[in-house]
Amino acid sequence: MNDAGRTKSPDIKKGQATVLAAGHLINDTYGGFIAPLLPYFVVRWGLSLAEAGILVTAFFTVANFAQLFFGWLTDRRGGRWFLSGGVFVAAIFLGSLGAVPSFWWAIPWVVVGAVGAAAFHPPAAALVHRL
């Protein structure tokens with residue numbers, strides 16, 4: 001309900017859901033760019049296929065387990081800042097992954113990007129439920 005005691009109009013809810021869906025698309029797209037970059041990393045850094053696979057595994061493992069933490073934190077403290085902050089962190093770290101100097105820099109870069117991507121999901125799920 002808004003300040004006047006009325007519920008939000010369907011147009012406002014539809015707009016909020018559209019913005020949330022767009023944020024989700026952007027957020028998940030960053031993680032999806034890791035696998036297509038693997039051939040580039042193999043050539044650039046001379047990686048084995050196993051080392052290249054570590055980057056994808058690190059991203060998905062950290063992103064999935066971090067969502068549990070962010071879900072717990074969102075339930076207790078609210079997750080308003082995680083919606084924009086998570087996408088921002090994922091964009092900065094995963095968007096600049098091709099510029100890191102070595103494989104050993106890429107691992108923490110991917111991990112921090114995964115934490116950012118994970119931060120978005122729990123409060124987004126809670127918000128879409130309310131809408």
Side-chain angles (χ1 to χ4, degrees):
M1 295 192 143
N2 62 18
D3 293 337
R6 297 179 305 248
T7 59
K8 291 183 179 180
S9 74
D11 289 339
I12 292 173
K13 289 182 179 183
K14 190 176 188 180
Q16 289 173 331
T18 301
V19 168
L20 193 60
H24 192 219
L25 175 68
I26 292 166
N27 187 58
D28 285 2
T29 299
Y30 284 109
F33 277 120
I34 296 172
L37 286 172
L38 291 180
Y40 169 73
F41 295 146
V42 166
V43 171
R44 182 174 178 207
W45 298 325
L47 301 180
S48 69
L49 293 179
E51 290 171 323
I54 287 172
L55 292 175
V56 176
T57 302
F59 175 80
F60 285 109
T61 302
V62 170
N64 288 326
F65 284 107
Q67 282 186 41
L68 299 171
F69 170 74
F70 285 112
W72 173 82
L73 197 58
T74 297
D75 287 345
R76 277 146 188 77
R77 305 274 181 182
R80 181 180 205 170
W81 289 101
F82 296 150
L83 289 170
S84 57
V87 175
F88 179 75
V89 169
I92 295 299
F93 281 86
L94 298 175
S96 64
L97 186 59
V100 297
S102 72
F103 171 69
W104 297 107
W105 274 96
I107 294 171
W109 221 254
V110 165
V111 167
V112 173
V115 169
F120 174 84
H121 286 91
L127 181 59
V128 81
H129 174 71
R130 284 193 299 260
L131 292 175

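What you find for Leu94 and Gly113 is that their closest heavy atoms are CG-CA, 3.9 Å. Shown here for Trp109 and Phe93, the closest heavy-atom pair between the two residues is CD1-O, 2.9 Å. Between Val42 and Ala52, the shortest heavy-atom distance links the atoms CG2-CB, 3.8 Å. Minimum interatomic distance between Leu83 and Pro123 (heavy atoms only, all atoms of both residues): CD2-C, 3.9 Å. Across Ala63 and Ala118, no two heavy atoms sit closer than the pair O-CB, 3.3 Å. Here the closest heavy-atom approach between residue Asn27 and residue Gly86 is recorded as OD1-O, 4.2 Å.
Cluster annotation: Ile26 is not connected to Trp81 through the hydrophobic network of ILVMFWY side chains, with a link wherever side-chain heavy atoms come within less than 4.5 Å. By the criterion of side-chain heavy atoms lying less than 4.5 angstrom apart, applied directly or through intervening Ile, Leu, Val, Met, Phe, Trp or Tyr residues, Ile107 is not grouped with Leu49; the two fall into different hydrophobic clusters. Connection of Phe65 to Leu55 is not established within any shared hydrophobic cluster, with ILVMFWY side chains joined at heavy-atom distances below 4.5 Å, either directly or through further cluster members. If you chain together hydrophobic residues whose side chains sit under 4.5 Å apart, Phe70 and Leu68 never meet in one group. Note on Leu38: it clusters hydrophobically with Trp104, by side-chain heavy-atom contacts below 4.5 Å among ILVMFWY residues.
In this structure, Asn64 contributes its side chain and Phe60 its backbone to a donor-acceptor pair below 3.5 Å. No side-chain donor-acceptor contact under 3.5 Å links Ser96 to the backbone of Ala99.
Atom OG1 in Thr57 sits 10.0 Å away from atom CD1 in Ile34 (nearest 0.5 Å). The CG atom of Leu73 sits 13.5 Å away from atom CD of Gln67, with the distance rounded to the nearest 0.5 Å. Of the inter-residue distances, the one linking Arg77 atom CZ with Trp72 atom CH2 reads 7.5 Å to the nearest 0.5 angstrom.
Enclosure of atom CZ in Arg76 by more than 12 non-hydrogen atoms of other residues, nucleotides or ligands within 6.0 angstrom is indicated. Within 6.0 Å of CZ on Phe103 lie more than 12 heavy atoms contributed by other residues, nucleotides or ligands.
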Evaluation steps, side-chain contact (heavy atoms from CB on, under 4.5 Å), between Phe120 and Leu20: CA-CA 10 Å; Phe120 174 84; Leu20 193 60; 4.1 Å; yes
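Using a 4.5 Å cut-off on side-chain heavy atoms (C-beta onward), Val115 and Phe69 make no contact. Within the 4.5 Å cutoff, the side chain of Phe33 has no heavy atoms near those of the Leu97 side chain. A heavy-atom distance below 4.5 Å is not found between the side chains of Val110 and Ile54.
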